[in-house]
Amino acid sequence: MKGLVVRSTGSWYDVNTDEGQIKARLKGKLRLSIKDVNNPVAVGDWVQLAQGDSKEWLITEVVPRTNYLVRKSTHRSAQAHLIASNLDQCLLLATLVYPRTSLGFIDRFLVSVETFRIPTMLVINKVDLLDEEGLAYLQHVKSIYESIGYPTAEVSALQGIELGKVKEFLKGKITLISGHSGVGKSSLINAIAPDLRLRTGEVSNFAQKGIHTTTFAEMFDLGEGTRIIDTPGIKELGLMEVGEEELSHYFPEMRMFLNQCKFHNCRHLNEPDCRIQTAVDKGEIAPERYNSYLSMIAGEDNRK
Ligand SMILES: Nc1nc2c(ncn2[C@@H]2O[C@H](COP(=O)(O)OP(=O)(O)OP(=O)(O)O)[C@@H](O)[C@H]2O)c(=O)[nH]1
Ligand SMILES: [Mg+2]
Ligand SMILES: [Zn+2]
């Protein structure tokens with residue numbers, strides 16, 4: 001029997017099958033399909049199931065994935081955790097305040113999705129909290145990402161502001177909702193599908209960070225082919241398989257200039273006649289984006 005994993009706790013899995021939803025465990029040692037990832041099965045995986053000796057359901061095999069996203073397990077750890085797989089698209093939820101999402105984090109996320117060319121919308125939540133200065137910065141952030149092809153939306157999940165654009169984006173697709181803890185992922189899903197009544201948590205006043213209210217990824221079926229995956233907040237994102245020489249391919253605004261540098265192996269740092277550096281000087285590439293590129297090359301600890 002085949003099924004779709006809709007929830008994973010690490011020790012057991014909720015799997016949707018033709019015979020309804022079942023709970024399953026992993027069969028003995030399931031081969032790890034991706035190197036350096038510590039969970040063999042994730043939400044969104046299609047799996048083969050068989051019944052064990054005491055009739056319990058066992059996952060015996062994972063159907064090859066079309067794509068997946070990973071995050072680092074802990075600080076400086078080489079190990080990574082599979083977030084979800086077989087996605088049609090992603091919605092990155094960010095906030096400019098309470099908590100603040102850095103552009104560096106947004107850019108790391110976008111590089112991750114670009115490695116599989118997963119269409120992604122950037123949604124800025126909690127716009128109700130922004131003062132005049134904050135709203136001006138919001139417009140700046142929006143224009144950076146809109147100009148390089150990412151659709152954006154500015155919303156308030158709490159006050160139900162501007163959710164139409166988000167609903168339209170989600171329609172008929174499997175969408176992963178990701179972002180730091182406390183940005184309002186579960187709140188946004190509740191605003192769109194109130195019947196789900198997902199648990200939401202406070203943002204700590206002291207650290208201005210979320211408290212990891214959602215602890216396991218879970219896929220919800222909203223009907224008519226619309227499925228969304230709520231996930232625990234991520235602290236760090238691993239760029240597992242991205243080498244220095246290919247990083248610029250995952251910056252859409254750099255792609256079109258790539259064969260115009262003097263050296264074909266140009267890293268776009270200090271090399272002479274580099275079209276990317278020229279583009280930054282001419283304002284064709286946002287300095288914020290180029291800075292993110294530089295810190296990813298430097299491997300700096302700016303993942304938060
Ligand atoms: N002011 C304001 N607060 C919001 C908004 N959306 C969510 N919040 C609040 O932000 C806090 C965190 O919301 P959650 O939905 O739990 O955040 P989350 O991203 O799911 O967090 P994790 O599950 O920990 O990853 C809650 O107190 C929400 O009420 C908004 O649009 N405006
Ligand atoms: Mg949550
Ligand atoms: Zn160059």
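Ligands are counted one by one from 1 in listed order, and the atoms in each one are counted from 1 as well. Since the model is a prediction, treat every value here as computed from it, not as a measurement. When reading the values below, keep in mind they use all heavy atoms of this one structure, side chains included, and skip hydrogens, waters and symmetry mates.
Within a 6.0 Å sphere centred on CD of Gln21, heavy atoms belonging to other residues, nucleotides or ligands number more than 12. Annotation: Glu133, atom CD; neighbour count of heavy atoms from other residues, nucleotides and ligands within 6.0 Å does not exceed 12.
There is no path of hydrophobic side-chain contacts, each under 4.5 Å, that joins Phe169 to Tyr150.
Short contacts between ligand 1 and Gly233, defined as distances under 4.0 Å to a heavy atom of the residue, involve ligand atoms 25 (O). Below 4.0 Å from some heavy atom of His212 lie the following atoms of ligand 1, by number and element: 24 (O).
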Decide yes or no on side-chain contact (heavy atoms from CB on, under 4.5 Å) for Tyr68 and Ile83, but give the supporting numbers first.
CA-CA 7 Å; Tyr68 55 85; Ile83 302 173; over 6 Å; no
Between Leu110 and Arg289, does a side-chain contact (heavy atoms from CB on, under 4.5 Å) hold up when you go through it step by step?
CA-CA 11 Å; Leu110 293 177; Arg289 290 273 296 168; 4.0 Å; yes
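Here the shortest heavy-atom pairing between Ser178 and Thr231 reads CA-OG1, 3.8 Å. Shortest non-hydrogen contact noted between Arg65 and Ala42 is NH2-N, 4.5 Å. Looking at every heavy atom in both residues, Ile276 comes nearest to Phe257 through CD1-CB, 3.8 Å.
Excluding waters, the count of protein N/O/S atoms less than 2.8 Å from the Zn ion (ligand 3) comes to 4.
Remark: among candidates Gly201, Gly182, Gly184, the nearest residue to atom 11 (C) of ligand 1 is Gly201, based on non-hydrogen atoms.
Remark: Lys23 is not positioned above the aromatic ring of Trp57, lacking an NZ or CZ atom under 6.0 angstrom from the ring centre and at most 45 degrees off the axis.
The part of Asn125 lying near ligand 1 is the side chain, judged by heavy-atom distances below 4.0 Å. Only the side chain of Asp128 comes within contact range of ligand 1, with a heavy atom under 4.0 Å; no backbone atom does.
A distance of 12.5 Å separates CD in Glu246 from CD in Glu114, rounded to the nearest 0.5 Å.
For the Mg ion (ligand 2), the set of nearby N, O or S atoms under 2.8 Å includes one belonging to Thr214. The Mg ion (ligand 2) has no N, O or S atom of Thr231 closer than 2.8 Å.
Where the criterion is an N or O separation shorter than 3.5 Å, residue side chain and backbone included, Thr213 meets it with respect to ligand 1.
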